[in-house]
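The next block holds one structure in the form of C-alpha cells; read it before the comments.
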Amino acid sequence: MPAHLVPLGGGWGLWRWFCVRAAGFPVDLLEPLADPDLAALADAVNAGGDDDAYRARFRRAERNLARALHGVAADPGVREAVAWQNPGALDTGFDTLLRRDPETVPRTGRHRKTEALVTSYLHRYCAKNDTIGFFGPLRWARIDPEQTVPVRAVHDGTTGDRTLYLEGWALAALGRALAPPLRPWLVPRLLPLLDVDGDTLRVPLADPVPLDPVQAAVLRALRPDRTARQVVAAVCADPTAPTSDPARVRSALDRLHGDGRIEWTLETAPDDLRAAATMRTVVTAVDDPAVRAPALAALDRLTSAAATVAAARGDATAVRDALAGLGATFTELTGEAPVREAGQLYAGRTLVFEECRRPDSIRLGRAALDTLAAPLTLLLESARWYTAAGAALYRRALRALFDQLAAGRAGAPVPLAELWLAARGLLIDDPGPVVRPLTRALHHRWERLLAPGDERRVWRAAADLRTAAAAAFPAGPSGWPAAAQHSPDLMIAAPDLAAIAAGDVDWVLGELHPGYHTMRYASWVDCHPDPAELARAMAADLPGGVVRIGATGGQGGSATRFSPRLLAPEDQRLVFAPDTCGHDPGHDLVVGGCDVVDRDGRLLVRRRADGACHDLLEVFADLVAANLMPHFRLLSPAPHRPRVTIDRLVVSRESWTFPAAAVDFAGDLDEPRRFRRLRAWAGRHGLPRHVFVRCTGERKPVHVDLASLASVEVLCRAARRAQRTGGACAEVAVTEMLPDPGQLWFTDADGRRHSCELRVVAAPLPAGRPA
C-alpha cells in the first residue's frame, strides 16, 4: 500500500493529508444581525395578523440591527480583515456606519446600502469556507486509520503563523521598470509562440519571417541560463557566426526586443513565493555598482514597505495606512496602479496577500471513513467516467480543428502554435459547446439512478445503486493520466464531537473536483510541515510524469498563491505565455517549438528539436480539467431539487431556481412590507432560514439569513442587479445551508462554532491492492 494512501473501498484510496478550510470568524457573530421574532411576526401578519403591531415591532428591529451593525463595524478583528481585503471599504462603509448614531440614524436607501456592505463582509467571514488571510486560515490535517474515535481535535503546540507574500504580478511590474539598465545581466528568451528555423522565424498563422543573419545567430545562442552578455560572447566566439563585433550583436538583441520577438526583463517564475529574494540574487550578481545599487535600493524600498504591512498586523488602521504606503511606493517605482483586475476573483488583485496557518486541527479515524466509503465510491466512479467522456469530446473537437488546419498542407504537420490559437475558444474563452453535452449526459445518468421526485428529501442506499451505477458509469481508464485524482470537498453535519463519536453524523458533499488536485497550490504547500512528503505522494499517484500548464501571473493569470506546486522531475510544462520563465526548452514543451501530427489516427504533439511525442489531449489536460471541474453536478438545475442522501452522505443539497423577475419584492421601497413579502415567498417555497444565493452575474454564492433585515437587503440588491444585467434570462439560485449553524461542530478555543470543510484527494489504489 502506498504510504500516502488510506484505503477507502472499491479500489479507491484517500490521501492521508488533507486540508481543513474554515471560516476565520465564528458563525455566532451573525446571530445579533437576525431577528427571528420579527420573522415570526411577519409570518403571522401574512396569515392575517395585526399589521400595525408588526410595523411597531419592525421599528424596534431596525434599531436593534443598527446597534448590532455598529458593533460589527467597530469590531477590531472584522475591521482588520476588511483592511487586508479592501481598505477602501473601511472608509466608504465601516467608518461611515460608525459616524452615524445607531439610535437615531434614518434608514435611507444610502444607509441600507452601507449596512448591506458591512453585512456582506461579515457573512463571508463567518459562513464561507474561504482560504484567504487570517479570516480564512488553513489547517493541515491527517487520516489516522488506527485512531479509535471518528474525529479527534489536535493542536500542534504552536501559535500558528501568518506569512506575507508579495504577488508575482507586482514584482513583475517592478522587474519591467528596473530592467533597461540591467539587461546585459538578464536572460533574454524567445517568446513561446515563436520558433527559429535556420535564418527564418516561425510565426503562427503567418509566413516565415526572414531574419537578419546576426539576429538569427542571436536567437540560436539563447539559453535558459545565458545572460545577454554571455549571448554576445557566445555569438562573437562562434567561427560560423556572421559577425564578431559585440556592438552588432547587442544591436540585434535590442532590435529583437523592440520587435516583440524576445522577452528580456528582470523576472521570476510565477509560482515563486519569494520572488523578491530571487530578483535580489540576480541583481547582486551585476558587477557594475552604478547599475546594481539603484536596482537593489528599489527592491529594498518595496520589500521594506511590505514589511511595514506585516508589522501592522492586529491594527486595522495601521494595516490600511501601511497598505497605502506600499501602494504609493509601488506606483513611484513602477508608474503602475497598485491594484489590477478590479472585482475579479482569483486574480491576485492587490500587491500582497497573507497565508495563515492555524495550530488547531483534526484527525480522522477509520470509523469516520466507514460511513463515507460506499457513497463516495459511487461519486468517484462517476467522476472517472466524466473525465473519460470529457476527454473524448475534447478529442473530437480538437480533431475537427486539426483537420481544418491540415487541409491543403499535403501531409505536413500542423504547428502547435496555430492549433493552440485556433483552440483558444474551446480551451479558454468558451468551453460551453464541448462541456454542455457532457453535463447533460452526467445529469441524465444520475437522475435516472436517483429518480428524484416531488418530495423534499430523497434517500437511497449505496448498495441498491451499485449495479445500476456500474452500468451508467462503466469502469475504465480516466480521461488523461492526472485525471486519476479527484478532490471532494466534504463537510460533517453534527452538533459537536460527542455526537460524531456517537454516530449521530451526516456527511455533506460541497463540491467534487474531477480530475483535479486541489491541495497543490503554492502557498498551501508552503504551509505544510513537510512539502517533500506531498511531492512524493503526487509522484506515487502519477508515475512517469505528466504535462502541466506552465504557470502564468506576471502580466495576467491567477494569483501567485494558486500557482501549482508538487511537480515531479519527470513532469513537463506546456509553455505558452510571455510571462512564463525559467523553463528548459530541452525538457518542457514550448508551444512554438512543437508540431501536431496524426499518427495512426491519434494526434500527437511532437517537439521539433528531438522528435519527442506526447498525446495532444494530455498536453492540454490541465485546461480541459479546469473547464470540466466547475460543472460536475449530479442534478440539472430546476425550479426545485430535493436534498438527496446516499447512505449518510448528502450528495445534493435542496435547491431552488427562480427567474429574477419572480423575486418581485426586491424592488419594494416599503421595507416592512418588503420583509413580509420575502417571508411569504420563503414560506410558499419552503425555504429554510439559512441559504446560499447566487444571482446571474455573480461568480460565487453569498450566505443569506432570511430572518435578518440586513441580510435580506443583500439579497434584494443582488436580485435587482441581476435583473438589470441579465434581463429576462436573469435567475436567482438558492441552496440550503447544510450543515446549518446548529450543525457546525468545529469550535475554537472559546467554544464558538466555525463553518469548515475538509478538502481531500482520492486516487485509485495500485492494481492488485486491497480496497
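In this text, all values refer to a predicted model and were calculated from it rather than measured experimentally. The residues of the chain are indexed from 1 along the displayed sequence.
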Step by step, would you call Arg79 with Asp95 a salt bridge (charged side-chain N to carboxylate O under 4.0 Å, His left out)?
CA-CA 10 Å; Arg79 290 179 61 82; Asp95 289 346; 2.9 Å; yes
Going through the distances and angles, do Thr371 and Trp507 end up as a side-chain hydrogen bond (donor to acceptor under 3.5 Å, both in side chains)?
CA-CA 8 Å; Thr371 58; Trp507 289 89; 3.1 Å; yes
I'd like to know whether Met629 forms a side chain to side chain contact (heavy atoms under 4.5 Å, CB included) with Glu511, so could you lay out the CA-CA distance, the side-chain angles of the two residues, the decisive distance to 0.1 Å, and finally the verdict.
CA-CA 9 Å; Met629 178 181 64; Glu511 293 180 297; over 6 Å; no
Working for side chain to side chain contact (heavy atoms under 4.5 Å, CB included), residues Phe25 and Leu122
CA-CA 8 Å; Phe25 289 85; Leu122 188 66; 5.5 Å; no
Verdict with supporting geometry, Asp489 and His513, side-chain hydrogen bond (donor to acceptor under 3.5 Å, both in side chains)
CA-CA 8 Å; Asp489 294 340; His513 308 274; 3.0 Å; yes
Dump the intermediate steps for side-chain hydrogen bond (donor to acceptor under 3.5 Å, both in side chains) on Arg676 and Asn46, then the final yes or no.
CA-CA 7 Å; Arg676 280 202 301 105; Asn46 287 332; 3.1 Å; yes
Take Asp748 and Arg753 through the salt bridge (charged side-chain N to carboxylate O under 4.0 Å, His left out) test and state the conclusion after the steps.
CA-CA 7 Å; Asp748 59 22; Arg753 298 166 297 161; over 6 Å; no
Residues Arg694, Val702; criterion side chain to side chain contact (heavy atoms under 4.5 Å, CB included); working and verdict
CA-CA 6 Å; Arg694 183 168 67 181; Val702 297; over 6 Å; no
Could you please spell out the steps behind the side chain to side chain contact (heavy atoms under 4.5 Å, CB included) verdict for Leu379 and Leu634?
CA-CA 9 Å; Leu379 293 173; Leu634 273 58; 3.7 Å; yes
Chi angles and distances behind the salt bridge (charged side-chain N to carboxylate O under 4.0 Å, His left out) call for Asp670, Arg674
CA-CA 6 Å; Asp670 184 324; Arg674 187 183 71 180; over 6 Å; no
Take Arg752 and Asp28 through the test salt bridge (charged side-chain N to carboxylate O under 4.0 Å, His left out) and record every step on the way to the result.
CA-CA 7 Å; Arg752 300 179 302 177; Asp28 309 75; 5.9 Å; no
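Judged purely by atom type and a 3.5 angstrom limit, Lys128 uses its side chain to pair as donor or acceptor with the backbone of Pro701. A side-chain donor-acceptor contact under 3.5 Å links Thr114 to the backbone of Arg110. The closest donor-acceptor contact from the side chain of Glu80 to the backbone of Gly314 lies under 3.5 Å. The main-chain N or O of Ala451 is found under 3.5 Å from a side-chain atom of Arg460 such that the two form a donor-acceptor pair. Checked by atom type and distance alone, the side chain of Thr696 pairs as donor or acceptor with a backbone atom of Glu731 at under 3.5 Å. Judged purely by atom type and a 3.5 angstrom limit, Glu354 has no side-chain atom pairing as donor or acceptor with the backbone of Thr163. With Asp506 contributing its side chain and Ala494 its backbone, the two residues share no donor-acceptor pair below 3.5 Å. Arg641 contributes no side-chain N or O that, together with a main-chain N or O of Arg456, makes up a donor-acceptor pair within less than 3.5 Å. Side chain of Thr645 to main chain of Arg648: no donor-acceptor pair is present (N/O by atom type, distance under 3.5 Å, no hydrogens or angles). No side-chain donor-acceptor contact under 3.5 Å links Asp647 to the backbone of Leu649.
A heavy-atom distance below 4.5 Å is not found between the side chains of Phe692 and Val704. Residues Thr308 and Leu326 have side chains not in contact (no heavy-atom distance under 4.5 Å, counting atoms from C-beta outward). The closest side-chain heavy-atom distance from Leu117 to Thr96 is not below 4.5 Å. Using a 4.5 Å heavy-atom cutoff, the side chains of Asp526 and Tyr165 are in contact. Residues Ile132 and Phe135 have side chains in contact (heavy-atom distance under 4.5 Å, counting atoms from C-beta outward). Side-chain atoms of Pro36 and Glu31, non-hydrogen and from C-beta on, do get closer than 4.5 Å to each other. No side-chain heavy atom of Asp35 sits less than 4.5 Å from a side-chain heavy atom of Leu65. Residues His754 and Leu744 fail the side-chain proximity criterion, which asks for heavy atoms closer than 4.5 Å.
No hydrogens or angles considered: a donor-acceptor pair under 3.5 Å links the side chains of Ser636 and Glu447. Thr735 and Arg653 share no side-chain donor-acceptor pair at under 3.5 Å. Residues Tyr125 and Asp130 bring no donor and acceptor atom of their side chains to less than 3.5 Å of each other. Checked by atom type, the side-chain pair His443/Arg633 shows no donor-acceptor distance below 3.5 Å.
What you find for Ile646 and Ala461 is that their closest heavy atoms are CG2-C, 4.3 Å. Contact between Asp75 and Gly77 at its shortest, heavy atoms only, is OD1-N, 2.9 Å. Shortest non-hydrogen contact noted between Val663 and Gln723 is O-NE2, 4.2 Å. Of all non-hydrogen atoms in Val20 and Ala141, the two that sit nearest each other are CG2-CB, 3.8 Å. For the pair Ala73 and Leu97, the tightest heavy-atom approach, listed with the atom from each and the gap, is CB-CD2, 4.1 Å. Nearest heavy-atom pair, Ala730 versus Ala722, reported as atom, atom and distance to 0.1 Å: CB-O, 3.2 Å.
Taking the six-membered ring where tryptophan is involved, the planes of Phe330 and Trp169 are perpendicular, since the angle between them exceeds 60° and thus also 30°. Using the six-membered ring where Trp is involved, His640 and Trp656 have ring planes that are tilted, between 30° and 60° apart.
The salt bridge (Lys or Arg N to Asp or Glu O under 4.0 Å) test with Glu103 is passed by exactly one of Arg60, Arg67, Arg63: Arg67. Exactly one residue among Arg139, Arg357, Arg358 makes a side-chain hydrogen bond (donor to acceptor under 3.5 Å, both in side chains) with Asp156. That residue is Arg357.
Ion pair Glu62/Arg112 not flagged as a salt bridge, since none of the NZ, NE, NH1 or NH2 atoms sits closer than 4.0 Å to an Asp/Glu carboxylate oxygen. Between Asp668 and Arg673 there is a salt bridge, since a side-chain N of the basic residue sits under 4.0 Å from a carboxylate O of the acidic one. Look at Arg643 and Glu736 and you find a salt bridge, because one of the NZ, NE, NH1 or NH2 atoms lies within 4.0 Å of a carboxylate O, short of that distance. A salt bridge links Glu654 with Arg457: the distance from a Lys NZ or Arg NE/NH1/NH2 to an Asp or Glu carboxylate oxygen falls below 4.0 Å. Here Asp91 pairs with Arg320 in a salt bridge; the nearest charged N to carboxylate O distance falls below 4.0 Å.
Within 6.0 Å of CZ on Arg684 lie more than 12 heavy atoms contributed by other residues, nucleotides or ligands.
You'll find the ring centres of Trp140 and Phe18 outside the 6.0 Å limit. Checked against the 6.0 Å centroid criterion, the rings of Phe658 and His685 qualify as a close aromatic pair.
The distance from the CZ atom of Arg100 to the CG atom of Leu69 is 12.0 Å, given to the nearest 0.5 Å.
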